[in-house]
Q: 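Pasting in a structure now, in structure tokens, and then I'll have a few things to ask.
For clarity, every value in this text was computed on a predicted model and none was experimentally measured. In what follows, chains are A, B, ... by sequence order, proteins preceding strands, each numbered from 1.
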Protein chains: 2
Amino acid sequence: MEVRKRKPRADALRNRERLVETAKDVLGKGGPDASLEAVARQAGVGIGTLYRHFPTREALFHAVFSRDLERLVETAEGLKGSNDPLEALRDWLHANVALVETKRGMLGALSIVMTEESKEAYSAQSERILAALNGLLKQAADAGQIREDVTAEDLLQTMYALCYSREPGPDWRARVLRLLDIFIDGLKR
Amino acid sequence: MEVRKRKPRADALRNRERLVETAKDVLGKGGPDASLEAVARQAGVGIGTLYRHFPTREALFHAVFSRDLERLVETAEGLKGSNDPLEALRDWLHANVALVETKRGMLGALSIVMTEESKEAYSAQSERILAALNGLLKQAADAGQIREDVTAEDLLQTMYALCYSREPGPDWRARVLRLLDIFIDGLKR
DNA sequence: TTGAAAACGGAGGGCCCCTCCGTATATGCT
DNA sequence: AGCATATACGGAGGGGCCCTCCGTTTTCAA
């Protein structure tokens, strides 16, 4: 309570900043399996420094993409009460795929949302996303629009899987969206 | 044409055999990213020997799982003319998932079928699978059972993606099958 | 100014990929 | 049986990446 801590060191702040900035670039292109040593190198910082600031891969992804994630969260929450909840879900998922196309690293951030272990650590946004989507699902289910046994996790896992299962290419987005749409159609009753 | 080659050396045959046998084990459990050095080690053979016999990861996967793949091919071909082609497809896909649950390495073999580059190298079985599935799809489409713009690749990619997107766990199979079924429902018109 | 807290950075142990080449050996032909 | 040589073996070695640990440097604050 009363522990007066020193002011955070300037170099630490600077490095942290550089790392996030560089990671945005490297992870953005490289996706969830990109090399962290490459990030450190390109940031002109020792690998130890990277790991001190971001003890886990997830931590880094979260630092880099939480802004984008937050936007997704807000969009999802804004959809509540939509009068065509299923279409709203579809739009949201499409936006998500588009985002992944640009920032491949989002897959890393999304996997955080999906993984049981890390979900705990970054629960705030995970919970909100899941809650918002589940809300829409319930709405759609109550309206008799879709089956009742589908969860937000199902949706996210499927989208994630489809995005991840193929390297980006010319028709990447079209393919993923098409398959995703088929899945969404499958939700209808 | 007339080059009489020497008989293949006995030790070569032996090692090849050991490798495939060991790989069946290691890759079976480890999935498509398993360590090849581990295979060589466990087979009591130099890593160089492994790479000489199987120049690429795909080659090894193919050697190990082509029998299983062949069975899938034959099953698929046996489905031709089924009077409920969509259900036939579903069954086939389910069997596929079940196989992957047991032999995680099958994912490696399946990715061969899916990848443009390696498809060429192992085209025989790829072609047959795709042909058989496309046959069923056409049948189902002609019967007005499903939409017409779906290809065998779509089916395989989706199944592969769903299988790959999560580590095995207690409810792995159930989840994958459920999502797969939703997708299949989405094919209906 | 100066001492200690805070941060840095990279060496090092582990594991893996794949290639290359000196060494060993099974074959086939005298 | 003996020998030459085509074949095969194996592992060192160059590259990478992951992550930890700790001696050195820098910053803050008294």
Side-chain angles (χ1 to χ4, degrees), chain A residues 2-23 25-27 29-64 104-105 108 111-112 115 117-118 121, chain B residues 2-23 25-27 29-64 104-105 108 111-112 115 117-118 121:
Chain A
E2 8 64 70
V3 276
R4 278 243 44 73
K5 307 214 73 148
R6 258 180 159 173
K7 164 169 63 167
R9 276 173 55 164
D11 53 348
L13 262 43
R14 208 178 331 126
N15 284 328
R16 192 164 214 290
E17 182 60 20
R18 292 179 64 77
L19 278 168
V20 172
E21 215 53 38
T22 310
D25 192 55
V26 175
L27 303 185
K29 294 173 186 155
D33 301 328
S35 155
L36 299 193
E37 295 210 316
V39 172
R41 266 197 311 274
Q42 192 166 318
V45 125
I47 183 64
T49 298
L50 184 152
Y51 275 96
R52 194 163 345 89
H53 283 292
F54 308 102
T56 69
R57 181 170 285 266
E58 285 74 37
L60 183 55
F61 273 96
H62 186 255
V64 171
R104 238 75 193 113
S111 84
I112 294 174
T115 318
E117 315 88 66
S118 17
Chain B
E2 9 62 69
V3 276
R4 278 247 44 74
K5 308 212 73 146
R6 257 182 158 169
K7 167 171 56 167
R9 276 173 57 164
D11 53 348
L13 263 42
R14 221 182 9 230
N15 283 328
R16 190 165 216 290
E17 183 59 21
R18 291 179 64 78
L19 279 168
V20 172
E21 215 53 37
T22 310
D25 192 55
V26 175
L27 303 185
K29 295 173 185 154
D33 301 329
S35 155
L36 299 193
E37 294 207 318
V39 173
R41 265 197 310 274
Q42 193 166 318
V45 126
I47 182 64
T49 297
L50 184 153
Y51 275 95
R52 195 165 342 92
H53 283 292
F54 308 101
T56 68
R57 180 170 284 265
E58 284 74 38
L60 183 54
F61 274 96
H62 186 255
V64 171
R104 212 110 172 99
S111 85
I112 294 175
T115 318
E117 315 87 67
S118 18

Q: OP1 or OP2 of dC9(D) sitting under 4.0 Å from any side-chain N/O of N15(B)?
A: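 For dC9(D), OP1/OP2 do have a side-chain N/O of N15(B) under 4.0 Å.
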Q: Side chain of R52(B) only, heavy atoms from C-beta on: which candidate in dT26(D), dC18(C), dA8(D) is closest?
A: dA8(D)
Q: On the side chain of R9(A), is there an atom forming a donor-acceptor pair with the base of dA7(C) - under 3.5 Å, no angle test?
A: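 By the distance-only test, no, there is no pair.
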Q: In whole angstroms, how far is the P atom of dC19(D) from the CG atom of L36(A)?
A: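 Distance check: L36(A) CG to dC19(D) P gives 7 Å.
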Q: Could you check how far CG of L60(B) sits from P of dC17(C), rounded to whole Å?
A: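 It works out to 11 Å between those atoms.
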Q: Which nucleotide wins on minimum distance to the side chain of Y51(A), given the candidates dT19(C), dC19(D), dC9(D)?
A: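 The answer is dC19(D), which lies nearest to the side chain.
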Q: Among the nucleotides dG28(C), dA29(D), dT20(D), which one has an atom lying closest to any side-chain atom of K7(A)?
A: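 Nearest nucleotide to the side chain: dA29(D).
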Q: Measure from the side chain of E37(A), starting at C-beta and using heavy atoms only, and say which of dC8(C), dC17(D), dC18(C) lies closest.
A: dC17(D)
Q: Could you tell me the separation between the CZ atom of R41(A) and the P atom of dG16(D), rounded to a whole number of Å?
A: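 Distance, rounded to whole Å: 8 Å.
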Q: Could you give the CZ-to-C1' distance, from R6(A) to dA30(D), as a whole number of Å?
A: 10 Å
Q: Tell me which nucleotide among dC8(C), dA26(C), dG10(D) gets nearest to the side chain of T49(B).
A: dG10(D)
Q: Using a 3.5 Å distance criterion without hydrogens, assess whether the side chain of S35(A) forms a donor-acceptor pair with backbone atoms of A38(A).
A: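 It does hold such a pair.
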Q: Between P8(A) and R57(A), which is nearer to the 5' end of DNA chain D once each is assigned its nearest nucleotide?
A: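 First, find each residue's nearest nucleotide; the 5'-ward one identifies R57(A).
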Q: In Å, rounded to the nearest 0.5 Å, how long is the span from CZ of F61(B) to CG of L36(B)?
A: 7.0 Å
Q: Given dA8(D), is OP1 or OP2 found less than 4.0 Å from the side-chain N or O atoms of H53(B)?
A: no
Q: Is S35(B) near enough to dC16(C) that one of its side-chain N or O atoms lies under 4.0 angstrom from OP1 or OP2?
A: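 Answer yes for this pair, as a side-chain N or O of S35(B) is under 4.0 Å from OP1 or OP2.
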Q: From the options dA12(D), dT20(D), dG10(D), select the nucleotide whose nearest atom is closest to the side chain of I47(A).
A: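 Nearest nucleotide to the side chain: dT20(D).
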Q: CG of D11(A) versus P of dT24(D): gap in Å, rounded?
A: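 After rounding, the reported distance stands at 19 Å.
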Q: Over how many whole Å does the gap from R16(B) atom CZ to dA8(D) atom C1' extend?
A: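 Atom CZ in R16(B) sits about 13 Å away from atom C1' in dA8(D).
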Q: Taking the side chain as every heavy atom from C-beta outward, state whether V20(B) and F54(B) have any pair of such atoms under 4.5 Å apart.
A: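 Side chain of V20(B) against side chain of F54(B), heavy atoms only: contact under 4.5 Å found.
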Q: What is the distance from CZ of F54(B) to P of dC9(D), rounded to the nearest Å?
A: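 Taking CZ of F54(B) and P of dC9(D), I get 11 Å after rounding.
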Q: Rounded to whole Å, how long is the line connecting atom CG of L19(A) with atom P of dA7(C)?
A: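 About 14 Å, once rounded to whole Å.
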Q: Could you tell me whether the side chain of R104(B) and the main chain of K29(B) form a donor-acceptor pair under 3.5 Å?
A: no
Q: Are L13(A) and R9(A) close enough that some pair of their side-chain heavy atoms sits under 4.5 Å apart?
A: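 Result no, sub-4.5 Å side-chain heavy-atom pair not found.
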Q: Nearest to the side chain of A12(A), heavy atoms from C-beta on, is which of dC9(D), dA7(C), dG9(C)?
A: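 The closest nucleotide is dA7(C).
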